[in-house]
Amino acid sequence: MRDELVEHMRSESMPQEAVEWYKRNLEYNVPGGKLNRGMSVVDSVEILRGRSLSDDEYFKAALLGWCIELLQAFFLVSDDIMDASITRRSQPCYYRLEGVGNIAINDSFMLEGAIYHLLQKYFRSEPYYVHLLELFHETTYRTEMGQLVDLITAPEDHVDLTRFSIQKHAFIVQYKTAYYSFYLSVALAMRVCNVPESYTLNGRTIEPYKVALSILLPLGEYFQIQDDFLDYHGTPEQIGKVGTDIVDNKCSWCINIALSIANPEQRKVLDECYGRKDTEKEAKVKAVYGELGLPARYLAYEEEAYQRLTSLINDIPEPEPGTDSGFLRRDVFTSFLNKIYKRQK
């Protein structure tokens, strides 16, 4: 994929210096993550088809997976600039590389543009091509909506906990994370497998895309709440980083739960200490979290979320074994849920 995108730059008569710059952009920003989002497209297509994939089916599913990774790279490069972040995936943020700076803004646009070049080249003749375009455009727009709410709710340089709420947290994580990290990969797989807008099975009319959304948005919210809790309660050895949500004034699940149940004295500590670059004040916030029993509240939330999601998944009617694509299958969702339930990193 990288070589093909680089060759496309050459075919546009780009100067060699620009071609090399673009190649570095791709190599630095696209690989290096866990690739879970991209691999989920391949896994979901295989589950929906109910059999092993042909070489062409695998290629197209994997290509869509790499398109999601390009989208992720576009988000991360631009997000790091907005947040003035220092490192990403254990290396300096791309914009901080010597000679890059604000050129990274345009480079992020080019990562996004690569998605549509690949879609046009490999899927233009497919009947679901427009659905793929709409999914990428709509998901990008929703992610940007979530980013906007996040940026204006919790700026690092202005702490105001009255802006926080559980409802706002839910909106941010669903729009900023759940749509592109969970729904997009499954919806792309469903389109490739020709799953229709609705079908009847076992006497029930199913609207599979609405069903998928009703499961994957709360699943994405659960995933982010896990991240929020691990940032507070996990050790650096366990999660691979030092948690910074408290000092960075993040609108996390932990602070929102604490704000909803704190007494006036505890609230005063939170107002005075949250979002400050001070280890003693960070420790005071964590002490309030301990007083409020946040670990036990998280465990109760996790169990409730797991049971609720399992119930939603089990309500999906299953087609007969051996049936090819065209129907939603429970394993698409249980594979996600089993990967993240009780995770510790």
Side-chain angles (χ1 to χ4, degrees), residues 75-90 92-93 95-96 143-178 181 220-299 301-302 345:
F75 290 149
L76 296 185
V77 170
S78 53
D79 188 64
D80 286 342
I81 298 169
M82 286 180 264
D83 289 347
S85 297
I86 305 299
T87 60
R88 167 75 65 183
R89 295 170 176 168
S90 302
C93 292
Y95 80 97
R96 291 177 57 83
T143 305
E144 290 160 351
M145 292 178 197
Q147 174 76 339
L148 173 62
V149 177
D150 191 20
L151 289 169
I152 64 177
T153 298
E156 281 193 48
D157 59 349
H158 181 68
V159 181
D160 180 1
L161 299 185
T162 62
R163 295 182 177 184
F164 291 7
S165 70
I166 286 291
Q167 293 75 22
K168 198 172 283 187
H169 174 267
F171 180 90
I172 291 169
V173 301
Q174 286 190 9
Y175 276 70
K176 187 177 175 178
T177 301
S181 296
E221 185 177 356
Y222 165 40
F223 177 83
Q224 185 59 51
I225 288 172
Q226 284 180 317
D227 260 12
D228 290 355
F229 179 74
L230 289 171
D231 186 274
Y232 144 62
H233 202 253
T235 64
E237 296 75 22
Q238 176 188 345
I239 63 175
K241 64 177 182 178
V242 176
T244 60
D245 283 1
I246 292 172
V247 297
D248 288 345
N249 191 37
K250 294 295 185 182
C251 181
S252 84
W253 180 83
C254 299
I255 185 62
N256 279 293
I257 292 297
L259 290 171
S260 70
I261 58 177
N263 63 34
E265 184 180 341
Q266 292 165 329
R267 175 60 190 250
K268 186 171 185 291
V269 172
L270 295 176
D271 281 328
E272 292 175 353
C273 298
Y274 196 80
R276 272 63 173 193
K277 311 289 187 185
D278 182 313
T279 54
E280 289 185 9
K281 290 184 176 180
E282 181 186 19
K284 289 180 180 179
V285 172
K286 288 187 175 182
V288 171
Y289 286 177
E291 292 168 13
L292 296 171
L294 231 60
R297 291 177 184 274
Y298 169 75
L299 290 175
Y301 161 78
E302 180 169 52
K345 61 182 180 178

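Note that these values count all heavy atoms, side chains included, but never hydrogens, waters or copies made by symmetry.
- In this structure, Cys251 SG and Leu151 CG are separated by 12.0 Å, a value rounded to the nearest 0.5 Å.
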Which donor-acceptor pairs under 3.5 Å do side chains of residues 171-178 form with protein atoms, sequence neighbours excluded?
from	atom 1	to	atom 2	distance (Å)
Gln174	NE2	Glu221	OE1	3.2
Lys176	NZ	Gln147	OE1	2.9
Lys176	NZ	Asp150	OD2	2.7

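- Under the side chain to side chain donor-acceptor pair (under 3.5 Å) criterion, Asp80 pairs with Arg88, not counting sequence neighbours.
- Among residue pairs with one or both ends in residues 159-169, those qualifying as salt bridge (charged side-chain N to carboxylate O under 4.0 Å, His left out) are Asp160-Arg163; sequence neighbours excluded.
- Contacts classified as salt bridge (charged side-chain N to carboxylate O under 4.0 Å, His left out) and involving residues 255-270 (residues at least two apart or in different chains) are given here: Arg267-Asp271, Lys268-Glu272.
- The distance from the OG atom of Ser165 to the CG atom of Leu259 is 9.5 Å, given to the nearest 0.5 Å.
- Contact of the Tyr95 side chain with the Val77 side chain is not registered, since no non-hydrogen atoms from C-beta on lie closer than 4.5 Å.
- Rounding to the nearest 0.5 Å gives a distance of 7.0 Å between CD1 of Ile257 and CD1 of Ile261.
- Here Arg276 pairs with nothing under the side chain to side chain donor-acceptor pair (under 3.5 Å) rule; sequence neighbours left out.
- Here the straight-line distance linking atom CG of Leu270 with atom CD1 of Ile255 works out to 4.5 Å at 0.5 Å rounding.
- Within the structure, the side-chain hydrogen bond (donor to acceptor under 3.5 Å, both in side chains) test picks out the following pairs touching residues 246-255 (sequence neighbours left out): Thr244-Asp248, Asp248-Lys277.
- To the nearest 0.5 angstrom, Leu292 atom CG is 8.5 Å from Ser260 atom OG.
- Applying the side chain to side chain donor-acceptor pair (under 3.5 Å) criterion to Glu291, with sequence neighbours excluded, gives Gln266.
- Every residue two or more places apart in sequence or in another chain that forms a side chain to side chain contact (heavy atoms under 4.5 Å, CB included) with Leu299 is listed here: Glu302.
- By the ring-ring contact (aromatic ring centres under 6.0 Å, His included) test, Phe229 is found to be paired with Tyr232, His233, Tyr298, residues two or more places apart in sequence or in another chain being considered.
- Residues Gln224 and Asp228 meet the side-chain proximity criterion, which asks for heavy atoms closer than 4.5 Å.
- Between the CZ atom in Arg297 and the SG atom in Cys254 there is a gap of 12.0 Å [rounded to 0.5 Å].
- In this structure Tyr274 satisfies the side chain to side chain donor-acceptor pair (under 3.5 Å) test with no other residue, sequence neighbours excluded.
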